[in-house]
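Following: one structure in structure tokens, then a few remarks.
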Amino acid sequence: MAKKIKQIAIYGKGGIGKSTTTSNLSAALSELGLKVMQFGCDPKSDSTNTLRDGRYIPTVLDTLREKSTVKAQDVIFEGYNGIYCVEAGGPSPGVGCAGRGIITAVELFKQQKVFEALDLDIVIYDVLGDVVCGGFAVPIREGIAEHVFTVSSSDFMSIYASNNLFKGIQKYSNSGGALLGGVIANSMGTPYSREIIDDFVAKTQTQVIEYIPRSVTVTQSELQGKTTIEAAPTSAQANIYRSLARKIAEHTESKTPSPLEISELRAWAAKWGDYLLEVEQGKVTSQGQAI
Amino acid sequence: MSKFIDRPRYTCALGGALATLRAIPRAIPIVHASAGCGHNLHNANNPGGGYVGGGYCGGLSLPSSNVVERDIVFGGEDRLREQITTSLEVMDGDVYLVLTGCMVEMIGDDLDAVVTEFLGAEKPVIAVHTPSFRGNSFTGYELVLSALAKKYVAKQAVKEPLSVNVLGIVPVQDVFWEGNLKELKRLLERLGLRVNTLFGEGEGLESIRKAGAASLNIVVSDIYGLETARVFEQVHDIPYITTGFPIGADETADFLRTVAQALSIDPSVTEAVIASEKSVYYGYLERLADIYNDIDLQRYAVVVADANYAPGAAKFLSDELGWLPELVVITDPVDENQKETLLKRFDGYESGLTPAVFFDTDASAVRKYLSKIWPANRNDRYYDSFSPAVILGSVFERELAAEFGYPLLTVSYPVTNRIVLNRAYAGFSGALSLTEDLLGLLVAGR
């Protein structure tokens, strides 16, 4: 019997550290001896840069633009530690349909049965933003990813995007779509940021799979065009990514989240607003900065 | 769940736009859409419109960008640019209208920007946004004519007195559009007017170009052509009036009086024209008096038609043919205000009859309304059955007609079971044709 390939999708608001987290996760998973593919689903096509020394790779759609048919093998590039890197790509900003582009690219890979041919253990889709249209929901529909993780900070707009994603997951959950593995809490810097995320996951009946602190090591590594795992393998931050990778490699049970209605979400945010005022008034001090 | 429409009697905005351009020789449509759009719409317009054909630039020779997945992902503007360039080169026309389908509008292709690049072309190129989600065939007619009114019709500060344009007869959706326009033109010319029907016999792009000189737009519809009339009012300062779609002596006389009044034409002229028309009209109808009475040609009737034909035909059947149009179903989607306007058309019949009027887009609904307005036969000793009856409808009423054994005359789109060339049902001559066709059904077996 063919082995089961674990397919996961990582979503989150733009700029929240999704690609950074995903690339470090891929790197850490590959260290565990797994055959990993990272599939960037963002028209910016920079998901896999740090796995390839900061270099861009030709995208599926760029290739499709030039040729009427694309052989998947032509758009797979090896990166750090043998990780297969793919970028879906997309149109220039303001034209065409990026959502359809993601669908086209993902379907092309599915049709050509590439994952099986490469004998992969795990495929990670790194998907743009907050599921603005059907195209960006493709990885969580039936037959693509099984588990979804969302990268979120304690910033309200990031939580808002995660909540939107939960709505998307809930919608497809009855038709065999992906379920939610949990939240990867990123940029944890203050004590309240952890509390906010903890409260949000409790409200939406999910879990935090890992807390990733804000770290200058990550920035330094990225400036070298590398993941933290590659550039600073012995750092504390690299170990956090390794811990995340182990948890995700072992993760089997995902669930349907309970997203908040928009009015509930606002009320919830307002409650935290009051709390933060107390922080500003000195009643609570930050502890996370020591990391 | 929102309501679905069972067998719609129209196509989409793009289909309506293509049908309208079919009626304008040397106006070339360039479709920016997937390959299926142009072909499928031709396959609806052609047979549904009594085999109107594709013409020089329709059917399979319709210029179309035929966008594929690549164009959707990256935007179809380059493909469109190429298609316009080559269409200008290959297709022999005098104006080119670029019409869009849904998919390129969904992805936001900038049609106007691309078309602007062709400002310097030898022939004008005009952009018309016609995705299906903007409306149905009737919307397509309005969009094309409004675009022509804005971009093609020459501005004329001084209007020609006694010059009129006729709007509201939608080519193909009114399967008898060409005959109807010809008849209305003939009648209006008898009032001493210069009549521009924009399309039809003797008309073409030159007529459209000159439409800005008219001093009045006559919208022969309560619903269609109004949007175009408003654009003409804004852009060309031409006022408009609306009238019912006239069938028969009474309604056509009213139509002529309404137009004459709007243009301050001497009533004695109008009345003389009406009298002369009536004399011819009744001269023919008088022939039927014997057979009508001998074998009793009075019938119940069910009218299932669009918002133009339904009121026009029902009134004619009741007040001129002496029939009993008990049930009328108007099959276009109309809003509450439009319903109110249309319902007034069924008031005050001379016969005293008040038809039951329903608005429903579903072909299958007619049967339901029939059983609603007429009591079912419960094995009563004496049962007043809805019989004998005739259905005026579209070809979609064929099953209903067969079920009840009523003869069917198809007058409303789609009319796939007839060949229609210059036949008219409007006006005086049209009413004679309608009488021929209706009573012809009844004597067919003799």
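Numbered from 1 within each chain, the chains take letters A, B, ... in sequence-line order.
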* Asked: Crowded around A/Lys167 NZ? As in, over 12 foreign heavy atoms under 6.0 Å?
  -> yes

* Do other residues, nucleotides or ligands put more than 12 heavy atoms under 6.0 Å from A/Glu66 CD? -> yes

* To do: Hey, could you give me the CG/CZ distance between A/Leu61 and B/Arg70, rounded to the nearest 0.5 Å?
  => 11.0 Å

* Give me the contact list for residues 73-80 of chain B versus chain A, heavy atoms only, anything under 4.5 Å, ordered by residue number. => B/Val73, B/Phe74, B/Gly75, B/Glu77

* Structure fact -> SG of A/Cys97 to CG of B/Asp71, rounded to nearest 0.5 Å, is 12.5 Å

* Look at atom NZ of B/Lys123 and say whether more than 12 heavy atoms of other residues, nucleotides or ligands are closer to it than 6.0 Å. => yes

* Considering residues, nucleotides and ligands other than B/Met91, do more than 12 of their heavy atoms fall under 6.0 Å from its CE? -> yes

* **Interface residues of residues 99-107 of chain A facing chain B - heavy atom cut-off under 4.5 Å** => A/Arg100, A/Gly101, A/Thr104

* If you count the non-hydrogen atoms of other residues, nucleotides and ligands that lie under 6.0 Å from NZ in A/Lys71, is the total more than 12? -> no

* **B/Arg7, CZ: over 12 other non-hydrogen atoms inside 6.0 angstrom** => yes

